[in-house]
Amino acid sequence: MKLKDKVAVITGGGNGIGAAMARRFARDGARALVLADLDGDAARRVAGEIGPVATGVQVDVSREDQVAALVQDTIARHGCIDLFASNAGVSISKGLETTDAEWELAWSVNLMAHVYAARAVVPHMLERGEGYLLQTASAAGLLSISDASYAVTKHGAVAFAEWLSITYGNRGIKVSCFCPMGVRTNMLLNSVGEVDQQTLLQGAVAPEDAADAIAAGLDEERFLILTHLEVLEYIRRKTGDYDRWL
Ligand code: ADP
């Protein structure tokens with residue numbers, strides 16, 4: 001999919017990967033970008049930096065009514081949704097001591113939010129005969145690294161993306177799932193101590209590079225699980241820098 005003249009919704013668009021995706025989609029000529037984030041101020045700030053093509057709204061993706069309203073408002077305002085990037089996420093950074101309330105939070109933001117988005121937007125895309133669903137999961141969705149609730153809920157997100165693709169892929173809806181290992185965002189930095197942050201800052205992928213790899217992936221015809229290794233390979237090809245990651 002080319003972003004030129006397209007309408008995209010990006011949840012978690014106020015920070016990190018979501019904000020970088022919004023900037024990249026704007027450069028690619030998107031007609032309208034709706035940045036939805038629990039942190040409404042951050043979403044509005046990023047939208048303001050991008051310009052009139054972007055709008056920032058406060059949305060809690062763990063609430064189905066708010067996700068449904070986001071979809072309906074966007075269609076009412078811009079006529080359609082070409083791409084829905086379900087990207088918001090939380091990391092609890094705990095193991096067995098994760099409380100029930102924290103498990104529920106991880107479950108609702110990292111998994112159910114994708115379900116709410118699909119429930120709201122798939123009928124619209126089926127009606128149009130086309131659409132793109134992009135889910136941000138994590139390498140923790142493929143291998144159970146990171147904290148317990150993150151790994152479990154991100155596995156669910158990968159499975160759900162795959163199920164969506166199997167079920168709707170032959171009816172015009174493309175699905176991809178982004179599974180990075182280390183992107184230099186607040187979430188990654190907050191999950192480790194100060195000493196480790198130095199190491200991470202050297203080794204982690206910049207959100208802008210992640211967004212570029214995602215944008216390149218939109219052209220793929222197949223169901224795409226974009227892994228961290230593929231992002232690194234993409235950066236190597238883009239920059240010709242083969243030493244940086246060795
Ligand atoms: P990353 O980009 O690596 O996922 P960040 O922490 O930089 O990590 O970005 C995650 C984004 O998701 C933040 O902007 C955060 O406010 C947003 N977010 C977290 N929980 C929710 C939620 N319930 N509803 C909407 N956005 C959320």
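Indexing begins at 1, ligand by ligand and atom by atom, following the structure's order.
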Looking just at side-chain N and O atoms, do Asp147 and Ser91 make a donor-acceptor pair shorter than 3.5 Å?
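Distance-only check passes for Asp147 and Ser91.
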Regarding Ser108 and Tyr116, is there a side-chain donor-to-acceptor distance under 3.5 Å anywhere?
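Side-chain D/A pair, Ser108 to Tyr116: absent.
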Please list, by chain and number, the protein residues whose heavy atoms come under 4.0 Å of ligand 1.
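For ligand 1, the contacting residues are Gly12, Asn15, Gly16, Ile17, Asp37, Leu38, Val59, Asp60, Val61, Ala88, Gly89, Val90, Val109, Thr185, Asn186, Met187.
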Show the nearest heavy-atom pair for residues Asn15 and Ala42, with the distance to one decimal.
ND2-CB, 4.0 Å
By side-chain contact (heavy atoms from CB on, under 4.5 Å), which residues pair with Leu142, not counting sequence neighbours?
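If we apply the side-chain contact (heavy atoms from CB on, under 4.5 Å) test to Leu142, skipping adjacent residues, the hits are Val158, Cys179, Ile225, Thr227.
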Under the side-chain contact (heavy atoms from CB on, under 4.5 Å) rule, collect the residues that match up with His78, sequence neighbours excluded.
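With sequence neighbours excluded, His78 shows a side-chain contact (heavy atoms from CB on, under 4.5 Å) to Val7, Arg31, Ala32, Val34, Thr74, given in chain and number order.
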Residues that, via side-chain heavy atoms closer than 4.5 angstrom, fall in one hydrophobic cluster with Met181
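Grouped by the 4.5 Å side-chain rule, Leu143, Ile145 form the rest of the cluster around Met181.
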